[in-house]
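Protein chains get the first letters and strands the later ones, always in sequence-line order, with residue 1 at the start of each. All values reported here derive from a predicted model rather than from experimental measurement. Hydrogens, waters and symmetry mates play no part in the numbers below; they use all other heavy atoms, side chains included.
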There are 4 protein chains.
Amino acid sequence: MIHDVTNRPDVPPRPGRPRDGRLDDAIVRATLELLDERGFTGLTLAAVAERAGTTTPAIYRRWSSKSELVLAAVFRTEGDDVVANTGDLATDVRTMVRWSLAKFGQPAGRAALAGLLAEPVGDVGARSDQLALVWRRTGERLADAVDQHEVRAGVDTRLLMTLLSGPALMAAAVFGATADDEVWVDQIAAAVLMGVQST
Amino acid sequence: MIHDVTNRPDVPPRPGRPRDGRLDDAIVRATLELLDERGFTGLTLAAVAERAGTTTPAIYRRWSSKSELVLAAVFRTEGDDVVANTGDLATDVRTMVRWSLAKFGQPAGRAALAGLLAEPVGDVGARSDQLALVWRRTGERLADAVDQHEVRAGVDTRLLMTLLSGPALMAAAVFGATADDEVWVDQIAAAVLMGVQST
Amino acid sequence: MIHDVTNRPDVPPRPGRPRDGRLDDAIVRATLELLDERGFTGLTLAAVAERAGTTTPAIYRRWSSKSELVLAAVFRTEGDDVVANTGDLATDVRTMVRWSLAKFGQPAGRAALAGLLAEPVGDVGARSDQLALVWRRTGERLADAVDQHEVRAGVDTRLLMTLLSGPALMAAAVFGATADDEVWVDQIAAAVLMGVQST
Amino acid sequence: MIHDVTNRPDVPPRPGRPRDGRLDDAIVRATLELLDERGFTGLTLAAVAERAGTTTPAIYRRWSSKSELVLAAVFRTEGDDVVANTGDLATDVRTMVRWSLAKFGQPAGRAALAGLLAEPVGDVGARSDQLALVWRRTGERLADAVDQHEVRAGVDTRLLMTLLSGPALMAAAVFGATADDEVWVDQIAAAVLMGVQST
DNA sequence: TGATAAGCGAGACGGTACGTCCGGTCTTGAG
DNA sequence: CTCAAGACCGGACGTACCGTCTCGCTTATCA
């Protein structure tokens, strides 16, 4: 019987049996489901394995720990949807806020954030390649804004990043805001823009 | 020999042996220390018990879980230092930002937030009396601002709360800002004020 | 309202409120019942207290530990029924064997024995006044037999005691023999008598 | 590096990681030591684990309770030393008495019996494979004696077993007899033999 | 009669020990 | 080198229970 094992792009073929790409997806999907159902604390790797139809060692071959798995599962993105650099700051800010709400507005996102804060590591992104990518792209877009003097003097990239992601995170975590709540997106984006734009 | 076990104020004595008030203090103190040393994940109730000179059951009699203990330990405040309602919004906003940075700028604060997010519970404040107090006071002060039209139309209390605490959290968690960083306090407070004040 | 609290004999009246004699009975009764239902390990002082309609401190005022309570409850006897010194050794041996079977043939007796063996104490009787009384009376009766040359030379009191109580205990504990099993009483008594009687 | 973990014989390898055979030994050894030092009540599974250099779950994987562990540890025998069926009843009875004294003459043996009695279970041997073996061999030897008419009519196997082990237990538990006390061995064996042998 | 002293129910407390859950590792046998 | 299957090790957890203690009250003896 011939079945395509759906392997990712074209990595130079390593010796031995190749990894079953469908397992990656099944594991991630199971993780997200269980994260929504039980939260970070209630998540069990055994449960993930069972729902994904595999075993724990198969998970550990892919991610080195529970937190890594959660991060990878939640921040699975191609990166393009985070910041569409349209050239218009207002539009892009709304996009970023909406992205943050989308991520943190669901239980899985809260769980991922919890995992992120729970360990005493300073550098965000050192924990997840995907998260690092998002962070870097956001930074680049905002650095542009600073360079183009779209924001007033005294506002730097780092401040912009906190102003954007922080309120979105809080709104999602505390008040249950989601990406569908256009009111929240509007209000946060508006306040940030008014707070930083050059006069 | 009768020795006073340092019991709290004068509550009408409940039946049963009263709790040893010194244990409460010792447990909270040990929790904060260990939180700073090892973070939320690394925190063990057994370790807390050992350092506090007691045992885990004594902790469980007081708090029902690790997250509750952490919340109680971190948000131990009289509530007065959170918002000094001076009547001047700019001053009070700076105070609140500084308070947020103070809390989230230390590992213990991050850990508390992690504990809050790790379990799938909706209502903040339903988890900790002390946190609820802080939250309520902050809300009252900001509701005043809304009533007095110190902020422009379209800005409500909840939005204000996210704008205040969110960036402070991010600055602390990602960039290592602390309450001593007057630059961070200034910048965040300024941006928020400019973003919401009535024209 | 005048109710006789059924106090035991005439002890020189101590100051303070006298003990409620009915509690003693209720506690002992509850202990025996629960011992039969759950065994020594499964016995809880809280359960005893509840069934006796009282509280644990009332129990601890009377017996200093769980094992003491169990011993006292099981070996409650006036001592007269242990050895009726009829002058006829055969009769008295049968009585003693029957008494042993009666005690150890019920779950409560097994439990008491377990409690006795579980702690590293050499001297039987040092643990329970009542047990000590039984033991002493048995010894006295058998010493008589030795003195009267009812047993052959080389058989001493201590050997007699082990020969009497040991098999009864084993029969009860392992094979479930009870005092009603006249076959067991007969066989054990007969074997012992034949084994020790003077020719 | 591959190191042989000293696994028992050559059983057809079950799926899963094999058990570390050295832990079994260490646990049993620690149990016996602590039993002698502190008795059954004073024995703690945590203490056993610590001395054996492992943890409690490892113990629970092997034995389901404290009593089971104690039984297994104490009655670790090949069974051959219990009854050397020499054909001569007198010799074999002495051997059995000596074996009983050896077992019950040390705290560990008493503890095992305590564990056996502490829980309300009927069938001895259903609790420990090793004990069952001992019990069965003893029974077989004595059944022989009955078949060969070495004992008088009316004496059956079960009675013989109680007569043998009971006095030994009592002598050991109450009077501190050990297997080295040839006097005790002689006296008990003699009395039993005279009590049961055919005329 | 009042003071002293011990008992009572009620119930919580401190701490030892328990038994379990689960994260992460390892083994076997097959592919 | 991967897979499924499954057991193992040990850190940490949350609980059961023993024995103690405090409270507010009752019941006795002694002054």
For C/Leu23 and E/dG7, give me the distance from atom CG to atom P, rounded to whole Å. 12 Å

Candidate pair C/Arg38 and C/Glu33, rule salt bridge (Lys or Arg N to Asp or Glu O under 4.0 Å), full reasoning: CA-CA 9 Å; C/Arg38 309 186 197 168; C/Glu33 287 175 19; over 6 Å; no

Taking all heavy atoms of D/Arg19 and all of D/Arg61, pick out the closest pair and write down the distance. NH2-O, 3.2 Å

5' precedence on DNA chain E between C/Gly53 and D/Ser64 (nearest-nucleotide basis): C/Gly53

Taking only heavy atoms on the protein side, list every residue of residues 54-62 of chain D lying under 4.0 Å from any atom of DNA chain F, sorted numerically. D/Thr54, D/Thr55, D/Pro57, D/Arg61, D/Arg62

Closest non-hydrogen contact found for B/Ala111 with B/Phe40 is O-CD1, 3.5 Å

Could you check C/Gly42 against B/Leu43 and say which one's nearest nucleotide on DNA chain F is further toward the 5' end? B/Leu43

Could you point out which residue of B/Val48, B/Val74, B/Leu69 forms a side chain to side chain contact (heavy atoms under 4.5 Å, CB included) with B/Leu35? B/Val74

Using atom CZ of A/Phe40 as one end and atom P of E/dC22 as the other, report the distance to the nearest whole Å. 14 Å

Picking from E/dG14, E/dG24, F/dG19, which would you name as closest to the side chain of A/Ser65? E/dG24

Whole angstroms only, please: what is the CZ-P distance between D/Arg19 and F/dG10? 13 Å

Separation of atom NZ in C/Lys66 from atom P in E/dT16, rounded to whole Å: 19 Å

Does A/Arg76 pair with A/Asp25 as a salt bridge, N-O distance under 4.0 Å? yes

Send over the distance from A/Arg22 CZ to F/dC3 P, rounded to a whole Å. 11 Å

Which nucleotide in the list F/dC9, F/dC13, E/dG11 gets nearest to the side chain of B/Pro15? E/dG11

Would you kindly give the CD-to-C1' distance between A/Glu50 and E/dC21, to the nearest whole Å? 15 Å

Roughly, in whole Å, what's the span from CG in D/Asp20 to P in E/dT27? 11 Å

Give the C-alpha distance, both sets of side-chain angles, the deciding distance and a yes or no for salt bridge (Lys or Arg N to Asp or Glu O under 4.0 Å) between C/Arg62 and C/Asp24. CA-CA 8 Å; C/Arg62 292 163 168 79; C/Asp24 297 63; 3.1 Å; yes

Is any side-chain heavy atom of B/Ile27 closer than 4.5 Å to one of B/Trp63? yes

Nearest nucleotide by nearest heavy atom, which residue falls closer to the 5' end of DNA chain F, B/Thr44 or C/Thr44? B/Thr44

Nearest-Å distance, CG (C/Leu45) to P (E/dC13)? 20 Å

Hey, is the side chain of B/Arg17 poking within less than 4.0 Å of OP1 or OP2 on F/dT20, counting only N and O atoms? no

